[in-house]
Amino acid sequence: MCNNECDAATEELAHPPELMFDIEGRNPTTFWQSTSWKKYPKPLQVNITLSWNKTIELTDDIVLTFESGRPEQMVLEKSLDYGRTWTPYQFYATDCLDAFTMEPKTANDLTQQTLLDIICTEDYSRGYVWKNDKTVRFEIKDRFALFAGPRLHNMASLYGQLDTTKNLRDFFTITDLRIRLLKPATGATMVDENNLSRYFYAISDIKVQGRCKCNLHANSCVFDKGKLGCECEHNTTGPDCSRCKKHYHGRAWSVGSYLPIPKGTANISRVCDNAMLRCQNGGTCHHHQRCHCSPGFTGILCERARCQGPGDCDDQLSGQASLHHHPIGHQRTLTLVVFPLLFV
Ligand SMILES: [Ca+2]
């Protein structure tokens, strides 16, 4: 660390926020470093806000790599409305009861029924660089595994759930993330009041992987005029393809379907059943392999009304062409598309 050499005004000695989002792999690592506790009587707190200005569906764990000790208290928060309102995603502390009056839990304690619970974990706060592990994670994949199995071998089951359960879909969806660093690592039970310059935060990398939320009405998401946007198909429009195009309002807009996942993927055991993968809008399930939909509805689970209008809308929407090909294959890695703002 550069305790005595940091200087924001000198390029070689500065540690600006951008260094959390450059490409790692070089040696030494590049990192952002906060000011020390010395300048902020109590406590040293920093917010890091990441805004995409676009709705994003997370597809992998969020991973923060600390070059300082991992914080003793921290909250990861999310917004779904471009930063107007925030809700906690996960609490992190060396002592959850003491810091947040919460029982300590881990992602492994979660079940299908408690997946949406917000937990406090002590897994990522122990010690000053505990066993050399410098990362703090938000475990997306462990949560996916509750529906898709331990090695995510049954993604069809997960996507079936995402299709039919809005709360679950929203849980993995964000427009912004906020990391609230509440107490730096001290490495001891008592804070050394005479040596507060020892305490600070330093982060070398923040990984957020996801894909644009296009409601499964687009195959690609492009960065245009400083903004991410879906390239909408199926006569839909809007930043998330969440509206029918003008003159295509014959039927209500509806979200697309995640199913079926790509042919050849293992364990497409069933497409529909009478429990979790129920055919919707009056559709009926045949041999667990397909839904027979009522007129005017389409999608694997008949969950989607058609955007009807002039021209060949119906043709475009029939059969496989109406489905979003393989969300997995088209997921976007957004590690560089972040605009961190730093507030101390
Ligand atoms: Ca870096």
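Atoms within a ligand are numbered from 1 in the order they appear, just like the ligands themselves.
When V75, N47, L44 are each tested for a side chain to side chain contact (heavy atoms under 4.5 Å, CB included) with L182, only one passes: V75.
F31 and H15 have parallel rings, their planes meeting at less than 30° on a 0 to 90° scale where 60° marks the start of perpendicular.
For the residue pair T55 and D240, a side-chain donor N or O sits within less than 3.5 Å of a side-chain acceptor on the partner.
Counting only protein atoms, the N, O or S atoms lying less than 3.0 Å from the Ca ion (ligand 1) are L19 O, D22 OD1, E24 OE2, T30 O, T30 OG1, S204 O, ordered by chain and residue number.
A donor-acceptor contact shorter than 3.5 Å links the side chain of E72 to the backbone of T186.
If you take CG on L64 and CE on M74, they are separated by 5.0 Å, rounding to the nearest 0.5 Å.
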C279 vs C291, test: disulfide (SG to SG under 2.5 Å). Steps then yes/no.
CA-CA 6 Å; C279 303; C291 290; 2.0 Å; yes
